[in-house]
Amino acid sequence: MNVIHLSAECYPVAKVGGLGDVVGALPKYLCKAGVNASVVLPYYNRKFVQENSFDLEFKSSINVGKQVFDYQILKESKGQLGFDLFLIYIPRLLDRPEIYSYPDEIEQFIAFQICFLDWIVKSGNKPDIIHCHDHHTGLVPFLILHAYPFKSLANIATVCTIHNAEYQGCLGWDKIDLLPEFDRSKSDLLNWDTCINSLATSIKCSKKFTTVSPSYLEELSQKSSGLERLFKEQKQKGLGIINGIDTEVWDPEQDHLIYKNYSIETLIEGKEQNKKQLCEGFGLEPQKPLFIFIGRLVTEKGADLLAETINTSLETLKDQLNILVLGSGNPITEKELSKIKSKHSKHYGLHIGYNEELAHQMYAGADFLLMPSRVEPCGLNQLYALRYGTIPIVHKTGGLKDTVIDIENKEGYGLSFETLSIENIVHSIERAISLFANREKLVKTRKKMMALNFSWDKSSKEYIKLYENLLSG
Ligand code: ADP
């Protein structure tokens, strides 16, 4: 079975968040299970691309509106990622350092999708399944079915996975001429709320759509930034599959980015040494419980509540804890978080920016991970934390609800709260401090978490079942 994954992100080539992690791991685990999975990504002028070699696989040209673009398909030479990686290179359009946020982003991703389909048609290398990720690739299922140049692909099954429905790839109808000629009687499939909505189009036109957790699928019918009715209508086509983690990248026993490797057996000493090193770097006191937050500083993640939560905790709980934050995003939130430093320098650390290495060191060295997300399609941070023996504290929403069971339950291992409020987060921090003081229970909980299996070995099987059903039906 040949499956092509089409995405804007793929770790370690280009990652902003969970999308990158998933597309860098799922195809690898699919290949291990015997599926011929590959990834097609825009060419980014970034570290991985600069430092590795690529072979020219194909070249041709496409039209995007009135413009003609030459393009090349480049294949990573060594097969070092565990799957074939193809980059679409379009000089001056797809050869830039950043992944998102260029003023001509719409043209970039339309060209990416057209190039991909053009290559498949002209090379005759048809996959059995095209798996699209998020709105950047959301027009592909429509173009396959209704654009005249790609009619020969109409029988290929398409799956789209929604990693985040907040971002929908909306464009005005004035951009319609950027698309290749298509059956205009099908224009309605592109439309949602008077715009061309790429995410809505992918849900309508793909054979099946998936979300990255079952609870998120349920929630989208209630709350999805305008797509609620669509999710209700299309419910029978939807399937929630919880993300896995790449246990080769996220493994405290092998992780070369952390200070001291450790296993379930050596967890006490291992975590202690990682914590000591981390605390030293930020001037924190290693004997106190260390709480961390890692992520995009946006309201979806509850980052707007962080500054007040941290101030309240550090003031009311006095010197009982340390908090360390890594992230970037909303400038107001960044400023508020920066201000705390002058008041609580001994118990608070902050790194504004994106830092993969520090993230690994924090999962390894911390005691508790805070995830006060308003919306969490799956959440990978809590899964990494579990594997590194760091206890997650989560708002019960989306994938957090599906993966973290409160310690009050017999089979529980994390801390969770129903309603998102500063009061409830602070209360959970108090519960965590009590747990930290109960050494025996703390170690037992950590061991239990580290033994859990959230690997892609498990979740990739569900995708295989889905592909097989599509091909047999
Ligand atoms: P998102 O909604 O951002 O995709 P996920 O929980 O699915 O959230 O995935 C977040 C991924 O991005 C994790 O691998 C996390 O460690 C990483 N990450 C987020 N922010 C940062 C940062 N500032 N520095 C390093 N890694 C980060």
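Atoms within a ligand are numbered from 1 in the order they appear, just like the ligands themselves.
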*Looking at atom 6 (O) of ligand 1, what's its closest protein heavy atom, distance included?*
Leu380 N, 2.9 Å
*Under 4.0 angstrom from ligand 1, any heavy atom of Leu326?*
yes
*Top protein contact for atom 4 (O) of ligand 1, by heavy-atom distance*: Gly18 N, 2.6 Å
*Geometric N/O contact Asn381 with ligand 1, under 3.5 angstrom*: yes
*Going by distance alone, is a donor N or O of one side chain under 3.5 Å from an acceptor N or O of the other, for Lys271 and Thr390?*
yes
*Nearest 0.5 Å, what's the CD-NZ distance between Gln234 and Lys204?*
8.0 Å
*N/O of Gly353 under 3.5 Å from N/O of ligand 1, yes or no?*
yes
*asked:* Heavy-atom distances under 4.0 Å decide this one: backbone, side chain, both or neither, for His163 against ligand 1?
replied: neither
*Looking at ligand 1, does any of its N/O atoms fall within less than 3.5 Å of an N/O of Asn355?*
yes
*Taking the inter-plane angle between the rings of His360 and Trp250 on a 0 to 90° scale, is it parallel (under 30°), tilted (30 to 60°) or perpendicular (over 60°)?*
parallel
*With ring centroids as reference points, do Tyr167 and His135 lie under 6.0 angstrom apart?*
no
*For Gly327, the ligand 1 atoms whose distance to one of its heavy atoms is below 4.0 Å*: 23 (N)
*Glu76 side-chain N/O to Gly79 backbone N/O, donor-acceptor pair under 3.5 Å*: yes
_Tell me whether Met371 has any N or O atom under 3.5 angstrom from an N or O of ligand 1._
no
*What atoms of ligand 1 come closer than 4.0 angstrom to any heavy atom of Gly379?*
6 (O)
*Is the backbone N or O of Ala364 less than 3.5 Å from a side-chain atom of Asn274, with the two atoms forming a donor-acceptor pair by type?*
no
*Assess Lys15 for proximity to ligand 1: is some non-hydrogen atom of it under 4.0 Å away?*
yes
*Which segment of Lys301 sits under 4.0 Å of ligand 1 when only heavy atoms are counted*: side chain
*Any atoms of ligand 1 less than 4.0 Å from a non-hydrogen atom of Tyr384? List them with their elements.*
13 (C), 14 (O)
*Applying a strict 4.0 Å limit to heavy atoms, is Gly295 in contact with ligand 1?*
yes
*Please determine if Arg296 has a nitrogen or oxygen closer than 3.5 Å to a nitrogen or oxygen of ligand 1.*
yes
*State the atoms of ligand 1, each with its element, that fall below the 4.0 Å cut-off from a heavy-atom position in Asp21.*
11 (C), 13 (C), 14 (O)
*Could you check atom 27 (C) of ligand 1 against the protein and tell me its nearest heavy-atom contact, residue, atom and distance included?*
Tyr354 CE1, 3.4 Å
*asked:* Is it the case that the side chains of Asp255 and Tyr262 hold a donor-acceptor pair, with the cut-off being a distance below 3.5 Å and no angle test?
replied: no
*Does a donor on one side chain sit under 3.5 Å from an acceptor on the other, for Asp246 and Tyr29?*
yes
*asked:* If the threshold is 4.0 Å, N to carboxylate O, is there a salt bridge linking Lys223 and Glu219?
replied: no
_For ligand 1, the portion of Tyr363 having any non-hydrogen atom under 4.0 Å away_ = side chain
*Describe, in one word, how the ring planes of Tyr463 and His131 are oriented to each other, choosing from parallel (under 30°), tilted (30 to 60°) and perpendicular (over 60°).*
tilted
*asked:* For Tyr102 together with Phe109, are the ring centres under 6.0 Å from each other?
replied: no
